[in-house]
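Have a look at the structure below, then the notes.
Given the structure is predicted, the values throughout are model-derived calculations rather than measurements. Remember, it's 1-based here, ligands and their atoms both numbered in the order they're listed. Only this structure's heavy atoms are used, side chains among them; waters, hydrogens and symmetry mates stay out.
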Amino acid sequence: MKPDALFVPPAIERCQVDTPAMQALDSAHYMHPFTDTRGLAAKGARVVTHADNIYIWDSEGKKLLDAMSGLWCVNIGYGRTELAQAAYLQMMELPYYNSFFNSTNVPAVRLAAKLSSLAPRAGDRHFSHVFFSSSGSESNDTNIRMVRHYWATLGQPQRKTIIARHNAYHGSTIGGASMGGMRGMHEQGDLPIPGIVHIDQPYGVEHGRAGESEHDFGLRMARQLEHKILAVGPDKVAAFIGEPVQGAGGVIIPPASYWPEIQRIVDKYGILLISDEVICAFGRLGAWFAYEQFGYKPDLITFAKGVTSGYQPLGGVMVGNRVAEVLIQKGGEFNHGYTYSGHPVACAVALANIEWMEKQQLVERVRNDIAPYLEKAFATLAGHPLVGDLRSCGMVASLALVKQKSPLTLFDPALAIGMVCRAHCLATGVIMRAVGARMIIAPPLVITHEQIDQMITMIRRSLDLTLEDARRQAWLT
Ligand code: PXG
């Protein structure tokens, strides 16, 4: 690319939005994901117009601290011109070409090599190869295709079953939603598809026993995997899939004993291990990939979201050498791929994102400074009368809204207390995610100490307002 072709961003003219007209057009034509369209039409959608660093603005001029990084993805924050420039330059050079029919493109090759260098070696596992898609859901469908093809290539085509967990989230395609353990999703689509079964999640509030240590609880939950393998038949199981920390399920952080026990069991039966790091990778938990700190060695890693900080849709699967060697040496043609596998613009933006993170030493800063500060600040909420089971890990944190702390008692789910709290958060100026009784944050990794303090002040205020509501409605008695 010639230097004179460098793009200089013009001053952005903010378009004036007629909010009611835009909301009417929205409800007339735009069917939103995971949304009751009729209910939304009655309220009107928030029209998000622009964003900068860790803040978004709506068409009414309201500024909100985005403590969810969009949807767990805008890791480096909004408004980074380096990524916009990378997209512009790549669009001028080669906006699209496919990676089928003996073709490749420079950003896809460079990104695959870069990702391979970022994934830590885990024992004899390393990740020399990458398969690209445009999302986490597609990547998990790729995983299903890949593990079944792997076992068929090894002469064990009966090894088809994938074991996953209740309340996990692995995407919204038929494969992803089947491996996910969301009851509401299964009910609407006649899911899961055959060959996918579930065990419980390691969530102490739901499955813990009085008097049981965290350690023992972790082991007990992991051993459900062994029981399930034996029930299905060890020669029929292809893989186990799990998120290191369950994100959409409510930030479920497993006990330290959980993942090493899962590793012992998958090794004992020789089954593949898939680490779905769509949320947890790219600095979110203080490392480029999260598996190492949990003490396990995956064969396949799903990624998406943070790889481009959400600036472009991109996902993929890191293919460990155990799988790659079989597929490459013996598998022949893999009859699977997407039009946008290795999309040059998405890959160029991912490279710019990773370069930005490296220049800022963002992953190291998260690990050594920002995440420990967030953890301390978030922990100050533990004394609030509504807060129970408060936990954090890297740049994700969550708490349960509880009716009573000891013994821990949750509100009747029909009261939807999480939605009450979420509405107070929005009015106060901070975006938090509510998952049932759990309130969650996953702020941009670039958040400063001062901004963390402001965020915690707004969350505390929202909790106070929620408590006032709960008292007024006599929900606490
Ligand atoms: N795996 C994991 C672990 C995820 O968190 C996906 C796969 C699917 O990725 P795509 O790019 O296909 O959406 C995800 C996505 C929520 C929420 O409400 C979370 C996700 C998506 C939508 C909503 O917290 N995570």
Qualifying residues under side-chain hydrogen bond (donor to acceptor under 3.5 Å, both in side chains), relative to Tyr296, sequence neighbours excluded | Ser275

Residue contacts for ligand 1, heavy atom to ligand atom, distance under 4.0 Å = Leu71, Trp72, Ser135, Gly136, Ser137, Asn140, Tyr169, His170, Gly171, Glu243, Ala248, Asp276, Val278, Ile279, Lys305, Arg433

Does CZ in Arg220 sit with more than 12 non-hydrogen atoms of other residues, nucleotides or ligands closer than 6.0 Å?
-> yes

Does Arg391 pair with Glu214 as a salt bridge, N-O distance under 4.0 Å?
-> yes

Would you please indicate if the ring centroids of His166 and His207 are separated by under 6.0 Å?
-> no

For Leu71, side-chain contact (heavy atoms from CB on, under 4.5 Å) partners two or more places apart | Lys305

Would you please name every residue forming a side-chain contact (heavy atoms from CB on, under 4.5 Å) with Tyr340, sequence neighbours left out?
-> Tyr96, Ser134, His343

